[in-house]
Amino acid sequence: MPLRLYNTLSGKVEDFHPIDANRVRMYACGPTVYDYGHIGNFRTFIAVDLLYRFLRQSGYDVRYVMNITDVDDKIIRNAARDGVTVQQYTAKFTQAFLEDSAILNIEKPLLVRATEHIDEMADFIAQLEKKGFAYRTDDGSYYFRIAKFPAYGKLSKKDFAGMTDGARVDVDEYEKDSARDFALWKAPKPGEAFWETAIGPGRPGWHIECSVMSMEELGPSFDLHAGGEDLIFPHHENEIAQSESLSGQQLAHDWFHVRFLLVEGQKMSKSFGNFFTLRDLVLRGHKPSSIRWLLTQVPYRNQLNFTFDGLKSAASSVEKLRNFRFRLTSTQFAAGSNPAITQLAGETAARITSALNDDLNTAEAQGAIFDMLRKANTALDADEVHNDDAKALLATLEKFDEIFSVLKDDDQPKMKSILDWARAEGTEKAKEISPELLEIAGSTQLSDEQINQKLSEMEAARKSRNFKASDALRKELTDAGIIVENTKDGVRWRRK
RNA sequence: GGCGCGGUAGCCAAGUGGUAAGGCCGAGGUCUGCAAAACCUCUAUCGUGAGUUCGAUUCUCACCCGCGCCUCCA
């Protein structure tokens, strides 16, 4: 079964076939780096990350490009306000975005920055003007002439023929031919940053960067273009207008849009007090793996309600997966195989693939892995799993994790890095550090050596049936965040 | 007003024209020196009304409710 994806352009779920055999070229609209990324941003980036990972797992050679919008009105304004250059202002948040992405196990795409393509944008606009799609106004700004591009509205399904100028647009603000015409290039404003280019001084409009950079990195026509649902209009509609009027080719074949999330049942907004960055959540003591898991639980086209209950629930689910792997990797199995178990592993892998092929149905895929867990754990309890079966189960689990990426237990160092960041930021941020975070990341951690020392002491005590001493050691370890399990295969431990 | 999405157990959330995955939480139980892990059992008739059908949660219509985009926004 081939991958099927919903395509905003056609409004249908379609079979996905790359233009160029086995190569997939995809472009995702990345962050505007004027602040720390919030969980809504990361829902989108994680959804696209899943798509990227699944395409690769499916055998495609994927070229995945993401832009960093490091110039826009807000950035220029904030930089001016703070008395720093645009570059200085954005460097910090670009870095933060990269760190946050790494913390969430988002794989790094090929990143391209708007400010490194200003001249190409000017050139692109000059070509549009030459072809009659763009015009210059007296103040030195450039606009796209929508009337010249009849397909305008095809992505967002808007009918511009019936729209009246002035309804919701301030017609008087600029001397545009039509209120719907959008800015390609904005003339400088006093006291704000601008670039000197072949088409004059100024700064690029928002949409032009993606047209320029996607074409440069992927060619005039490529497979997938992704982003948050809000970008459908006007951003992507405008990209299409710019790119296609110049190239005469279809910009992207598939348009992949991720739905907005809700937080505690409401649209995330600073005024509702439900606006959270990744760092806010970690400061509250939530693990990155819980956050990633919660954000992948609901298929990307459905509204996801992000709640703190859900976050706790996600933590338990991830624990369950990790425990299962721990069990598989720390148990001594008898040689040979049990066909029923090997078959279970194979069928589960197939179920997962088939769920993801179905427009990335992550909920279905997760259901499948937990079905396997329950059955396999039952078999493990009954000693019916042999060495080859354990390998097969592990292979399926790891294949699952190639997509979801929550198994690796590295939350502690990641949380520590956020803790250090908050302390370095100063007292305002430091105040947000929760006891929960300190417990996981901030307490003095025992080294593996110390732990093993205590474990052997504990084992000795248990052998001599000195349970009082054994319990004391257990408590000591538990307080240090170490969970010790005594199984028939011996002792094993993990960090909380 | 235009376009679109959704309402499934305490919470989150899949899914199908033939009586409903999974996760979390809760209760009880098994195992266990303790603990942990794991397993078992229990907890829904799918917003409301009508229609189509042998049969609808799944299709159609109406209504109610929630949400998104149409303006900066992932």
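The sequence lines fix the lettering, A, B, ..., with proteins before strands; numbering per chain opens at 1.
Within the 4.0 Å cut-off from OP1 or OP2 of B:A36, not a single side-chain nitrogen or oxygen of A:Thr478 is found. Residue A:Asn377 places at least one side-chain N or O under 4.0 Å from the OP1 or OP2 atom of B:C39. Using a 4.0 Å cut-off, some side-chain N or O of A:Asn302 falls inside it from OP1 or OP2 of B:A14. Taking side-chain N and O atoms only, A:Asn41 has a distance below 4.0 Å to OP1 or OP2 of B:A74. Between A:Lys320 and B:C24 there is a side-chain polar atom (N or O) within less than 4.0 angstrom of OP1 or OP2. Side-chain nitrogen and oxygen atoms of A:Arg301 include none within less than 4.0 Å of the OP1 or OP2 phosphate oxygen of B:C67. Contact annotation: A:Lys154 side-chain N/O to B:C3 OP1/OP2 distance is not under 4.0 Å.
When each of A:Arg492 and A:Ser317 is assigned the nucleotide of RNA chain B bearing its nearest heavy atom, the one mapping closer to the 5' terminus is A:Ser317. Nucleotides of RNA chain B nearest to A:Phe45 and A:Leu304 differ in position, and the one nearer the 5' end is that of A:Leu304.
The base of B:C34 sits with one of its N or O atoms less than 3.5 Å from a complementary donor or acceptor on the side chain of A:Arg474. Residue A:Asp471 places a side-chain atom within donor-acceptor reach of the base of B:G33, judged by atom type and a 3.5 Å distance cut-off alone. Side-chain N/O atoms of A:Arg327 and base N/O atoms of B:A37 include no donor-acceptor pair closer than 3.5 Å.
A 6.0 Å sphere centred on NZ of A:Lys154 holds more than 12 heavy atoms belonging to other residues, nucleotides or ligands. Around the CZ atom of A:Arg465, the shell of radius 6.0 Å holds no more than 12 heavy atoms that belong to other residues, nucleotides or ligands.
Set against B:G22, B:A38, B:A74, the side chain of A:Asp230 has B:A74 as its closest nucleotide. The side chain of A:Arg351 has B:A21 as its nearest neighbour among B:C67, B:A21, B:A36.
The stacking criteria are not both satisfied for A:Phe42 over the base of B:A74, which would need a centre-to-centre distance under 5.5 angstrom and an angle between ring planes under 30 degrees. A:Phe467 qualifies as a stacking partner of the B:G33 base, centre to centre under 5.5 Å and near-parallel within 30°.
With A:Phe182 as the fixed residue, the ring-ring contact (aromatic ring centres under 6.0 Å, His included) test singles out one of A:Trp206, A:Phe149, A:Phe144, A:Phe233: A:Phe144. Here the options are A:Arg279, A:Gln95, A:His38, the test is side-chain contact (heavy atoms from CB on, under 4.5 Å), and the partner is A:Asp100; only A:Arg279 passes.
Donor-acceptor pairing under 3.5 Å is lacking for the side chains of A:Asp70 and A:Thr90. A donor-acceptor contact under 3.5 angstrom links the side chains of A:Gln366 and A:Thr296, judged on distance only.
Classification of the A:Trp293-A:Phe400 ring pair by plane angle, with boundaries at 30° and 60°, yields tilted. In this structure, A:Phe42 and A:Phe97 have parallel ring planes: the angle between them is below the 30° cut-off, well short of the 60° mark.
Looking at heavy-atom distances under 4.0 Å, A:Pro299 makes contact with sugar-phosphate atoms alone, never a base. Contacts of A:Ser470 with the nucleic acid, taken as non-hydrogen atoms under 4.0 Å apart, include base atoms. In this structure, A:Gly40 reaches the bases: a heavy-atom distance under 4.0 Å links it to at least one base atom across the strands shown. No contact: A:Ile232 has no heavy atom under 4.0 Å from any strand. Residue-level contact check: A:Leu261 touches the bases, meaning some heavy atom is under 4.0 Å from a base atom. Counting non-hydrogen atoms under 4.0 angstrom, A:Asp72 reaches nothing in the nucleic acid.
No close placement of the A:Phe306 and A:Phe276 rings is indicated, their centers lying 6.0 Å or farther apart. Checked against the 6.0 Å centroid criterion, the rings of A:Tyr27 and A:His225 qualify as a close aromatic pair.
For B:U16 and B:G47, the P atoms lie 15 Å apart once the distance is rounded to whole Å.
Between A:Glu319 and A:Arg494 there is a salt bridge, since at least one side-chain N of the basic residue sits less than 4.0 Å from a carboxylate O of the acidic one.
The stretch residues 394-411 of chain A has no heavy atom under 4.0 angstrom from RNA chain B at all. Contacts of residues 451-463 of chain A with RNA chain B (heavy atom under 4.0 Å): A:Arg462.
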